[in-house]
Amino acid sequence: MADEDELETPLIAELYKPPALLPIAQLKDALLYAIETYPLTVIIGDTGSGKTTQIPQFLFQAGWTSDGSVIAVTQQPRRVAATTVAARVAEEVGCQLGQEVGYSIRFEDVTSAKTRIKFLTDGLLLREMLIDPLLTRYSVVMVDEAHERSLSSDILLGLLKKIMRKRPELRVVISSATLQAENFLDFFAPGPAEQVNGKSKEEYGRIVSIQGRVYPVDIFYLAEPVPDYVERAVETVMDIHTNEPEGDILLFLTGREEIEDAIDKIADRITDLGPDHQNLQPLPLYAGLPADQQMYVFQAAGENTRKVIVSTNIAEASITIDGIVYVIDSGFVKLRAYDPTTGIERLVTVPVSKASATQRGGRAGRTQPGKCYRLYTKDSFTTLEESTPPEIQRSNLAPVILQLMNLGIQNIVCFDFFSSPPSKLVIRAMDMLFSLGAISSEARLTKPLGAQMAELPLEPMLAKALLNSPKFGCLYEMLHIAAMTTLQGNAFVSQDGNIKLLDKAKRKFAVEEGDHITLLNVYEAFVTTGKKDAQWCRSNSLNYKAMVKAVSVRNQLKRHLEKLGIQESALNAPDVRRAGGQSSYSPSERIRRCLVTGFFAHAARMKPDGTFQTANGETTLWAHPTSILFHRKADWVVYHEIMETKNKIFIRDITKIEMDWLTEYAPEYYRVR
DNA sequence: GAGCACTGC
């Protein structure tokens with residue numbers, strides 16, 4: 001993902017409009033009346049309608065914070081959005097950021113006792129519920145862009161519904177860009193014959209529409225389906241370029257490979273154009289692109305040049321680019337899917353939903369009337385799903401369920417989800433939590449283990465391993481490792497595409513045992529010989545920003561453990577590290593045994609052909625090319641992450657273990673299966 | 001010899 005600081009400028013530029021001219025200003029009184037009168041207000045309004053910046057200010061001026069309470073705005077699940085919008089609102093209110101207006105995101109709390117409007121990520125608001133379950137410090141909670149249906153915002157909606165029953169004075173404002181507003185109202189409001197806190201459905205909530213400032217977009221469909229949408233997309237780019245007036249093009253494809261393919265093809269055709277045409281500048285955009293290259297899409301094209309941005313779904317909602325007049329929609333997107341039978345995550349290419357296609361088309365009409373070319377027939381559009389299945393219905397729910405249980409939700413099956421997850425997903429997650437010892441056979445959170453695992457901002461398997469590390473005398477090392485694995489394979493990065501240098505750097509830190517201890521070495525080197533220096537990272541092909549994040553994560557994990565009464569300093573003394581009955585093991589063995597206590601379910605064995613097999617022998621796995629164990633010999637291993645793409649299942653962050661350890665630390669799991 | 005859409009605590 002792009003660096004936040006660098007993204008700030010284009011986002012602010014996009015948001016800037018004199019407040020009085022925003023359509024929302026005309027609705028101020030109606031909005032305040034609705035929020036005063038009804039516990040729930042659903043706002044329908046497009047991006048650019050000013051709802052995120054203006055509504056909190058209206059509430060602030062109207063006295064919703066005069067008793068010292070705070071207005072919370074969960075600005076999507078995005079960190080960048082929370083910071084930039086907070087800065088904008090602070091400017092309009094005329095205060096310093098962090099005074100009356102502030103934001104709070106992981107690692108960064110820019111609020112004070114004076115803060116009355118607080119922008120935060122929904123994940124962080126969920127964490128705040130651990131300390132203040134009824135969110136009593138807030139008079140209003142605004143959930144922005146709730147239609148995006150992220151895992152954490154869906155959970156937040158379910159919890160807010162419960163809180164509203166207990167706090168009739170709380171006001172919830174939900175903003176949604178699509179016409180899902182009725183669904184939100186139906187979910188929160190009492191049923192037809194019911195009352196909640198003395199209010200009937202009609203008295204419980206209202207929907208308010210805000211006219212966004214958008215221009216018409218002409219939609220074009222194909223007459224016949226095409227076999228190769230990348231090829232057709234390239235043809236469409238060239239057609240637009242040679243026949244249509246000025247304006248940049250945004251092309252939606254599914255992933256990096258397609259994007260690079262399309263850009264090569266466009267580059268080939270540019271040479272055929274001849275000198276009398278305007279220039280055409282193709283630019284890639286996807287999350288994995290280094291930040292400096294991502295920035296080109298925001299810069300104005302050179303004179304007499306048309307930009308064509310070839311992007312993943314990141315440009316559908318996360319990133320907004322000015323000046324787009326033409327959108328080409330391939331009609332496909334890569335989505336995460338989780339298979340509850342195997343526990344394997346997959347990235348699958350699927351047709352977009354109608355809501356998604358509409359959102360993509362809308363990207364063409366932000367600054368002037370635009371055109372959208374859909375690379376599918378009108379008939380196939382009508383067969384599309386209305387909206388993308390919410391994340392909660394296609395994710396590994398173990399972390400979410402652990403968190404809910406820690407918030408006192410005893411019976412997950414009875415929890416009022418905005419959309420219920422399939423029972424298979426719930427069962428798989430409960431099985432996993434049970435095998436880790438986080439819940440009992442009666443499906444109750446265990447104390448202290450389960451509760452402690454829930455407190456840590458880590459996936460359950462990693463949390464378990466970290467909490468076990470004092471027993472193995474490797475807390476110091478496991479903190480390094482836990483922090484590094486949260487980087488999800490982004491520790492190393494080639495400098496100027498120099499792969500040889502990258503391999504050389506990797507070899508410098510690599511150890512026989514695999515990736516975890518290699519990552520440990522990387523962290524240790526970064527903070528000692530590397531002195532946390534950016535230049536040192538460059539010369540070692542390391543991602544400086546990622547390493548800085550690892551240091552923050554490690555500090556945060558250490559603080560969490562201290563809150564749980566686990567002191568690194570006390571445990572780190574050499575005599576303590578030797579104690580505990582584990583002293584006969586080498587440091588490497590203690591770490592690897594400790595990893596097994598969390599990751600036993602992620603065990604695999606290498607076959608003679610170099611591929612891996614799952615413990616049950618049913619599935620073939622491949623070491624991810626970024627792994628130290630890629631094309632090295634091994635026997636049994638545990639791995640951190642598993643993901644299927646294009647018919648191959650990759651495992652990443654892999655460490656060698658002994659088979660006996662599996663039965664030693666997970667006898668229940670590996671007994672007669 | 002070969003690669004992962006997007007967030008977040």
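Below, chains carry the letters A, B, ... as their sequence lines are ordered, and counting in each starts from 1.
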Tell me: [atom1] of [X] to [atom2] of [N], nearest whole Å?
X        : N     : atom1 : atom2 : answer
A:Ile105 : B:dG8 : CD1   : P     : 8 Å
A:Ile314 : B:dA5 : CD1   : P     : 11 Å
A:Gln403 : B:dG8 : CD    : P     : 15 Å
A:Arg394 : B:dA5 : CZ    : P     : 15 Å
A:Arg336 : B:dG8 : CZ    : P     : 13 Å
A:Glu145 : B:dT7 : CD    : C1'   : 14 Å
A:Asn490 : B:dG8 : CG    : C1'   : 15 Å
A:Glu148 : B:dG8 : CD    : C1'   : 13 Å

*asked:* Please determine whether a side-chain nitrogen or oxygen atom of A:Thr349 lies at a distance below 4.0 Å from atom OP1 or OP2 of B:dA5.
replied: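 A:Thr349 to B:dA5 OP1/OP2: no side-chain N or O under 4.0 Å.
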Q. With nearest nucleotides of DNA chain B determined for A:Thr312 and A:Leu458 from heavy-atom distances, which residue corresponds to the more 5′ nucleotide?
A.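 On the 5' side of the pair lies A:Thr312.
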By side chain to side chain contact (heavy atoms under 4.5 Å, CB included) - contacts of A:Leu501 (at least two apart):
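So A:Leu501 forms a side chain to side chain contact (heavy atoms under 4.5 Å, CB included) with A:Asn498, A:Ser541.
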For [X], enumerate each residue passing the side-chain hydrogen bond (donor to acceptor under 3.5 Å, both in side chains) test, keeping only those at least two apart in sequence or located in another chain.
X        : value
A:Tyr229 : A:Glu258
A:Asn555 : none
A:Glu128 : A:Lys118, A:Tyr138

message: Whether the A:Asp515 and A:Tyr639 side chains hold a donor-acceptor pair (N or O, under 3.5 Å, no angle test) is what I'd like checked.
response: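 A:Tyr639 and A:Asp515 do not have a side-chain donor-acceptor pair below 3.5 Å.
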Who passes salt bridge (charged side-chain N to carboxylate O under 4.0 Å, His left out) against A:Asp635, sequence neighbours left out?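 Testing A:Asp635 for salt bridge (charged side-chain N to carboxylate O under 4.0 Å, His left out), a comparison that skips the adjacent residues, returns A:Arg605.
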Can you give me the N/O atom pairs linking the protein to nucleotides 1-4 of chain B at distances under 3.5 Å, or say none if there are none?
unit_1	atom_1	unit_2	atom_2	d
B:dC4	OP1	A:Thr645	OG1	3.1
B:dC4	OP2	A:Thr645	OG1	2.6
B:dC4	N3	A:Arg652	NH1	3.1
B:dC4	N3	A:Arg652	NH2	3.0
B:dC4	N4	A:Glu641	OE1	3.0
B:dC4	N4	A:Arg652	NE	2.8
B:dC4	N4	A:Arg652	NH1	2.7
B:dC4	N4	A:Arg652	NH2	2.8

